[in-house]
Amino acid sequence: MALEGNEDSARYYTTKHSWRGKYKRVFCVGSKGITTLNPGNTEVTNQWPYNEFVDIQPSHKTSNEFIITLRKGRKTNQMTFSCDHRSEVITETLRFSPLFADAGRAKGEKKFRSAKYGWSESRSDVFLVVRRHCLVQVDITGKRKLADYNYKDIEFLVKVSDHPGAFAIAHGGFGRLHMF
């Protein structure tokens, strides 16, 4: 049952909600799939390779619940978990969304040519890549990632009135603005 070569990138203390009750679980986001552990003895309770993992999304019931959707064959199954760090769990899991079961059918990332403006009025041509969990700033050759702007960390987006088509992102706390 173990996923060969699966290395956890993050672990979160969660509660699994099922028809049998609520169970504490460690939700592990790995390089090859998702694993849940019993926190009392660290035994694996469930493990899903990403080719069985369809989606993760916030629940609208409460601010700390999220739902995972799995597919085995033609059957899909949903499970609900709760965690005080819901946005982090979702963001970290979505980093692996290109490996998800429906990745081939899902709408791909969008890439836009842009310019990044610095505080010294410098301008650098870049690409902005829209992904499911973040906005990525890539150099114009497309070979080097310059920055990730995780949606969970974006405080706000604002149009820049004196630069047509420009916008600024407040990201990473302290109201620091990044203008494109």
Side-chain angles (χ1 to χ4, degrees), residues 1-112 127-138 142-154 157 169 171:
M1 181 168 173
L3 288 172
E4 187 87 19
N6 189 41
E7 294 184 29
D8 292 343
S9 62
R11 291 180 172 202
Y12 302 94
Y13 190 66
T14 64
T15 302
K16 179 182 176 185
H17 304 252
S18 82
W19 61 272
R20 287 183 270 176
K22 295 182 180 182
Y23 305 94
K24 298 294 181 190
R25 292 290 180 253
V26 178
F27 189 92
C28 307
V29 181
S31 57
K32 307 237 186 237
I34 302 294
T35 305
T36 58
L37 307 173
N38 180 332
N41 57 18
T42 66
E43 285 184 15
V44 173
T45 57
N46 277 306
Q47 193 166 54
W48 307 282
Y50 286 127
N51 64 1
E52 294 177 4
F53 202 90
V54 176
D55 200 11
I56 183 169
Q57 57 190 4
S59 168
H60 299 292
K61 290 181 183 176
T62 68
S63 63
N64 68 344
E65 285 184 7
F66 62 95
I67 301 166
I68 64 172
T69 305
L70 308 161
R71 174 173 296 125
K72 202 152 195 163
R74 293 182 179 206
K75 184 179 175 186
T76 59
N77 184 28
Q78 290 190 324
M79 294 183 198
T80 302
F81 292 82
S82 58
C83 178
D84 290 339
H85 305 284
R86 175 177 82 171
S87 59
E88 286 83 357
V89 174
I90 293 172
T91 298
E92 185 63 23
T93 305
L94 286 175
R95 283 187 44 228
F96 296 95
S97 64
L99 305 175
F100 288 5
D102 288 348
R105 284 188 267 165
K107 292 182 180 175
E109 54 189 40
K110 300 277 187 185
K111 189 175 188 179
F112 299 93
F127 283 112
L128 290 178
V129 182
V130 179
R131 295 194 174 143
R132 291 187 66 191
H133 68 288
C134 70
L135 186 64
V136 182
Q137 178 186 335
V138 180
K143 296 179 182 172
R144 190 168 60 106
K145 178 172 69 171
L146 302 173
D148 279 340
Y149 303 97
N150 288 322
Y151 300 134
K152 70 176 183 66
D153 298 326
I154 293 176
L157 294 165
I169 299 172
H171 180 269

Asker: Using a cut-off of 6.0 Å, state whether more than 12 heavy atoms not belonging to Asp84 lie near its atom CG.
Answerer: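 Result for CG/Asp84: open.
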
Asker: What I'd like to find out is whether the side chain of Ile56 reaches to under 4.5 Å of the side chain of Val89, using heavy atoms alone.
Answerer: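 In short, these two side chains touch, coming nearer than 4.5 Å.
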
Asker: For Phe96 versus Ser9, what's the shortest heavy-atom pair and its separation?
Answerer: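 Of all heavy-atom pairs spanning Phe96 and Ser9, the closest is CE1-OG, 3.7 Å.
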
Asker: So, taking the atom named OH in Tyr151 and the one named SG in Cys134, what distance separates them when rounded to the nearest 0.5 Å?
Answerer: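 Reported value, rounded in 0.5 Å steps: 6.5 Å.
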
Asker: Quick check for you: to the nearest 0.5 Å, what is the distance between Phe66 atom CZ and Thr80 atom OG1?
Answerer: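 Between atom CZ of Phe66 and atom OG1 of Thr80 there are 9.0 Å.
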
Asker: Strictly distance-based, threshold 3.5 Å: is any side-chain N or O of Asn64 a donor or acceptor partner for the main-chain N or O of Ser82?
Answerer: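 Between the backbone of Ser82 and the side chain of Asn64 there is no qualifying donor-acceptor contact (under 3.5 Å).
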
Asker: Could you work out, with salt bridge (charged side-chain N to carboxylate O under 4.0 Å, His left out) as the rule, every residue matching Arg86, not counting sequence neighbours?
Answerer: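 Checked Arg86 against salt bridge (charged side-chain N to carboxylate O under 4.0 Å, His left out); zero matches.
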
Asker: For residues Thr93 and Phe100, report the shortest heavy-atom separation together with the two atoms involved.
Answerer: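 Nearest pair, atom of Thr93 first, then Phe100: O-CZ, 3.6 Å.
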
Asker: Aromatic rings Phe81 and Trp48: how do their planes relate, parallel, tilted or perpendicular, breaks at 30° and 60°?
Answerer: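 Plane angle over 60°, so perpendicular.
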
Asker: Kindly indicate, with the supporting measurements, whether the criterion side-chain contact (heavy atoms from CB on, under 4.5 Å) is fulfilled by Arg71 and Asn51.
Answerer: CA-CA 8 Å; Arg71 174 173 296 125; Asn51 64 1; over 6 Å; no

Asker: Does any non-hydrogen side-chain atom of Asn77 lie less than 4.5 Å from one of Thr69?
Answerer: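 They are not in contact (no side-chain heavy atoms under 4.5 Å apart), so the answer is no.
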
Asker: Grab the two heavy atoms, one from Asp55 and one from Gln57, that are nearest each other, plus how far apart they are.
Answerer: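 Minimum heavy-atom contact is OD2-OE1, 3.6 Å.
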
Asker: Taking atom types as modelled, find out whether Ser31 and Glu7 have a side-chain donor-acceptor pair closer than 3.5 angstrom.
Answerer: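 No, no side-chain donor-acceptor pair sits under 3.5 Å.
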
Asker: Atom CD1 in Ile68, atom CD in Glu52: separation rounded to 0.5 Å?
Answerer: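 The CD atom of Glu52 is 11.0 Å from CD1 of Ile68, to the nearest 0.5 Å.
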
Asker: Which heavy atom of Tyr12 sits nearest a heavy atom of Cys83, and at what distance?
Answerer: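 Nearest heavy atoms, Tyr12 then Cys83: CB-SG, 4.2 Å.
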
Asker: Got a second to check how far Arg132's CZ is from Thr91's OG1, nearest 0.5 Å?
Answerer: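 Result: 11.5 Å between the selected atoms.
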
Asker: For Phe127, does the six-membered ring have the charged nitrogen or CZ of Lys111 within the cation-pi criterion, i.e. under 6.0 angstrom from the centroid and within 45° of the normal?
Answerer: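 Yes; both conditions hold, so Lys111 lies above the ring face of Phe127.
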
Asker: With a 4.5 Å limit on heavy-atom distance, are the side chains of Arg95 and Glu92 in contact?
Answerer: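 Arg95 vs Glu92: side chains touch.
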
Asker: For the side chain to side chain donor-acceptor pair (under 3.5 Å) test, which of Asn38, Thr14, Thr15 pairs with Lys24?
Answerer: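 Filter result, single survivor: Thr15.
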
Asker: Quick one: CG on Leu135 to CD1 on Ile154, what's the gap to the nearest 0.5 Å?
Answerer: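 The CG atom of Leu135 sits 6.0 Å away from the CD1 atom of Ile154.
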
Asker: Determine yes or no for a side-chain-to-main-chain donor-acceptor pair under 3.5 angstrom, with Tyr50 supplying the side chain and Gly30 the backbone.
Answerer: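 A pair under 3.5 Å: yes.
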
Asker: Indicate yes or no for a side-chain donor-acceptor contact from Ser97 to the backbone of Leu94 under 3.5 Å, with no hydrogens or angles considered.
Answerer: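 Yes, because the side chain of Ser97 sits within donor-acceptor range (under 3.5 Å) of the backbone of Leu94.
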
Asker: Side-chain donor-acceptor pairs under 3.5 Å in residues 142-150, sequence neighbours left out?
Answerer:
unit_1, atom_1, unit_2, atom_2, d
Lys145, NZ, Asp148, OD2, 3.1
Tyr149, OH, Gln137, OE1, 2.8

Asker: Look at Glu109 together with Arg131 and state whether they make a salt bridge at an N to O cut-off of under 4.0 Å.
Answerer: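 Yes, Glu109 and Arg131 are salt-bridged.
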
Asker: Grab the two heavy atoms, one from Leu3 and one from Gly33, that are nearest each other, plus how far apart they are.
Answerer: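 Shortest heavy-atom contact: CD1-CA, 3.7 Å.
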
Asker: Roughly how far, to the nearest 0.5 Å, is OG of Ser87 from NZ of Lys152?
Answerer: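 These two atoms lie 6.0 Å from each other.
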
Asker: For Arg25, does its backbone N or O pair with a side-chain atom of Thr36 as donor and acceptor, under 3.5 Å?
Answerer: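 Here the side-chain-to-backbone pair does not exist.
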
Asker: At their closest point, which heavy atom of Leu70 faces which heavy atom of Val54, and how far apart are they?
Answerer: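 Scanning both residues, the minimum pair turns out to be C-CG2, 4.0 Å.
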
Asker: State plainly whether the residues Asp8 and Lys32 are in salt-bridge range, i.e. N to O under 4.0 Å.
Answerer: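 Salt bridge: no.
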
Asker: Is there side-chain contact between Met79 and Ile67, with heavy atoms separated by less than 4.5 Å?
Answerer: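 No, every pair of side-chain atoms sits at 4.5 Å or beyond.
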
Asker: Is there a side-chain contact (heavy atoms from CB on, under 4.5 Å) between Cys28 and Leu37? Walk through the geometry before answering.
Answerer: CA-CA 8 Å; Cys28 307; Leu37 307 173; 3.7 Å; yes

Asker: Does NE2 belonging to His85 count more than 12 external heavy atoms closer than 6.0 Å?
Answerer: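 For His85, atom NE2 is not crowded (no more than 12 foreign heavy atoms under 6.0 Å).
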
Asker: Determine, step by step, whether Lys16 and Asn46 satisfy the side-chain contact (heavy atoms from CB on, under 4.5 Å) criterion, reporting the C-alpha distance in whole Å, the side-chain angles of both residues, the deciding distance to 0.1 Å, and the verdict.
Answerer: CA-CA 11 Å; Lys16 179 182 176 185; Asn46 277 306; 3.5 Å; yes

